Amino acid sequence: MIQVAKSERSARCRLAADRVLDEVAAIAFSDIRDIGFDENGKLIETNPGATRTVAAYAYSRRTRRSGTSIQYSIRLWDKIRALELLMRHYGLLDRPLTLETVLALLPPEVSSLLRQLLVEAANAPALSATPVP
């Protein structure tokens with residue numbers, strides 16, 4: 001019964017878990033270098049969707065005898081909090097941190113290289129603790 005009500009509410013709001021995760025991921029992986037201002041103080045984005053990660057911004061332009069002064073600031077939503085939410089969603093905070101967990105989080109080529117190096121290290125002859133004469 002509760003699940004049906006949640007589904008109906010999601011349909012009414014056109015809200016899906018994927019959409020929520022997409023927004024959280026956009027904040028988690030946002031890059032301030034993807035956002036700037038045009039000559040009129042309007043936000044512009046070099047990466048589509050980048051401006052949706054902006055929590056607040058300010059722009060002022062003043063003309064004085066000495067020239068034009070432009071001041072601007074951008075504040076993004078909390079990346080650390082967004083990363084934490086994603087980590088919770090994927091269960092990364094609920095399980096113990098093991099070597100396998102770390103390797104699974106790395107890019108495949110890095111993970112593969114580290115696995116190969118670990119196998120080679122495990123198969124290498126053990127070093128003797130006694131000095132060689």
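In this text the structure is predicted, and so the values were computed from the model without any measurement. By convention here, the first residue in the shown sequence is residue 1.
Both Tyr57 and Tyr72 sit in one connected hydrophobic cluster of ILVMFWY residues. Membership requires side-chain heavy atoms under 4.5 Å apart, directly or through other members. Both Leu99 and Leu114 belong to a single network of hydrophobic side chains, linked directly or stepwise wherever heavy atoms of I, L, V, M, F, W or Y lie under 4.5 Å apart. Hydrophobic clustering (ILVMFWY, side-chain heavy atoms < 4.5 Å, transitive): Leu118 and Leu113 are in distinct clusters. Trp77 and Val20 fall into different hydrophobic clusters, where Ile, Leu, Val, Met, Phe, Trp and Tyr are joined by side-chain heavy atoms under 4.5 Å apart, directly or via other members.
A heavy-atom distance below 4.5 Å is found between the side chains of Tyr59 and Ile70. Proximity of Arg115 to Ser111: side-chain heavy atoms (C-beta onward) are separated by under 4.5 Å at one or more points. In this structure, Arg62 and Thr68 have side chains that are not in contact, with every pair of non-hydrogen atoms separated by 4.5 Å or more. Contact of the Asp34 side chain with the Glu45 side chain is not registered, since no non-hydrogen atoms from C-beta on lie closer than 4.5 Å. Here the side chains of Phe37 and Leu43 are in contact, with some heavy-atom distance below 4.5 Å. When side chains are defined from C-beta on, Asp22 counts as touching Arg52, because their heavy atoms get closer than 4.5 Å. Here the side chains of Leu21 and Leu85 are not in contact, with every heavy-atom distance at 4.5 Å or above. The shortest side-chain heavy-atom distance between Asp78 and Ile27 does not fall under the 4.5 Å cut-off.
Within a 6.0 Å radius of CD in Glu120, other residues, nucleotides and ligands contribute more than 12 heavy atoms.
Nearest heavy-atom pair, Leu76 versus Ser30, reported as atom, atom and distance to 0.1 Å: CD1-OG, 3.7 Å. Across Val110 and Leu106, no two heavy atoms sit closer than the pair CG1-CD1, 4.1 Å. When all heavy atoms are compared, the tightest approach of Leu86 to Ala28 is CD1-CB, 3.7 Å. Nearest approach of Glu39 to Arg61, heavy atoms of both residues: O-NH1, 2.7 Å.
Between the Asn47 side chain and the Ala50 main chain, no donor and acceptor come within less than 3.5 Å of each other.
Note on Arg88 versus Glu84: salt bridge recorded, some NZ/NE/NH1/NH2 to OD/OE distance being below 4.0 Å.
Separation of atoms CD (Glu100) and OG1 (Thr98) is listed at 6.5 Å; rounding is to 0.5 Å. To the nearest 0.5 Å, atoms OG1 (Thr46) and CZ (Arg33) are separated by 9.5 Å.
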Using the rule given for side-chain contact (heavy atoms from CB on, under 4.5 Å), can you reason through Ile32 versus Thr53, listing the C-alpha separation, both sets of side-chain angles and the distance that settles it, and then say yes or no? CA-CA 9 Å; Ile32 196 134; Thr53 66; over 6 Å; no
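When the ring pair (Phe, Tyr, Trp, His ring centres under 6.0 Å) test is applied to Phe29, no partner is found at least two apart in sequence or on another chain.
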